[in-house]
Amino acid sequence: MSYERRLNVVAALVPLVIGVVAAIMSWSLGVGSLSAPGPGMWPLVVSVAMVIVAAVLVLQSRPRGDEERFTKDVVTVAIAAASLIGYAFLFELVGFEVPTIALLVLWLKGLGRESWRMTAVVSVVATAALYLLFITGLGVSLPHIIQL
């Protein structure tokens, strides 16, 4: 198997595995029925769609000539993905606000190399907007520190 084909297969297998894991986790949340969907219904639908598309990509993994080689930018993607796992862990542990600001600071300053001013403004304003939208506006019960 050529290097380019291996890259295409790996690029398709990663979302395929993630989709399978997400489907299993969605099913464990409870799917319900079409008339009374459970919390796992839409995550399951998205997961199944992800698995189908990824499976098609695996089957059509022949080289097309425009494949890119792995470079040091892969590290940036790996850090971003790992930070989402850390975010999910911290979200449950300390609430919504601190992990959201920390994630945005990492992505803007650490990965995006934005200025400290831009990083601070965007991190705080985006977190406040999300707080107002989800917790205050929509009444979603997210773990949070600040009580308005």
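Computed from a prediction, not measured in an experiment: that's the story for all the values here.
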Worksheet item: Using the ring of each side chain (for Trp, its six-membered ring), is Y131 parallel, tilted or perpendicular to F96, with breaks at 30° and 60°?
Response: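 Ring orientation of Y131 relative to F96: tilted.
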With hydrophobic residues grouped by side-chain heavy-atom distances under 4.5 Å, do [X] and [Y] end up in a single group?
| X | Y | result |
| --- | --- | --- |
| I79 | V77 | no |
| I52 | V58 | no |
| L104 | Y87 | no |
| I101 | L84 | no |
| W27 | V46 | no |

Discussion item. Quick check: do L133 and V140 have side-chain heavy atoms less than 4.5 Å from each other?
Written reply: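 Sidechains of V140 and L133: no contact.
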Discussion item. Tell me if the CZ atom of F134 is crowded by more than 12 foreign heavy atoms within 6.0 Å.
Written reply: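 Count not over threshold, so no.
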Discussion item. Counting only heavy atoms not in L34 (residues, nucleotides, ligands), do more than 12 fall under 6.0 Å from its CG?
Written reply: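 No, CG of L34 has 12 or fewer neighbouring heavy atoms, counting only those of other groups under 6.0 Å.
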Discussion item. Among V10, L7, V9, which residue satisfies the side-chain contact (heavy atoms from CB on, under 4.5 Å) criterion with S61?
Written reply: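 Output: one option passes, namely V9.
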Discussion item. Working to the nearest 0.5 angstrom, can you tell me the gap between I135 CD1 and L142 CG?
Written reply: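 If we round to the nearest 0.5 Å, I135:CD1 and L142:CG are 5.0 Å apart.
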Worksheet item: Of all heavy-atom pairs between S83 and W107, which one has the smallest distance, and what is that distance?
Response: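 Answer, listing the atom of S83 first, then W107: OG-NE1, 2.9 Å.
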Practice prompt. Of all the heavy-atom pairs spanning S33 and M41, show the shortest one and how long it is.
Written response: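 Scanning both residues, the minimum pair turns out to be O-CE, 3.5 Å.
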Please table the atom pairs, donor to acceptor, closer than 3.5 Å between any side-chain atom in residues 112-130 and protein atoms at least two apart or in another chain.
| from | atom 1 | to | atom 2 | distance (Å) |
| --- | --- | --- | --- | --- |
| S115 | OG | M118 | N | 3.1 |
| T119 | OG1 | S115 | O | 2.8 |
| S123 | OG | T119 | O | 2.7 |
| T127 | OG1 | S123 | O | 2.7 |

Run the side-chain donor-acceptor check on residues 12-26: report pairs under 3.5 Å with partners two or more places apart or on a different chain.
| from | atom 1 | to | atom 2 | distance (Å) |
| --- | --- | --- | --- | --- |
| S26 | OG | A22 | O | 2.7 |
| S26 | OG | L44 | N | 3.4 |

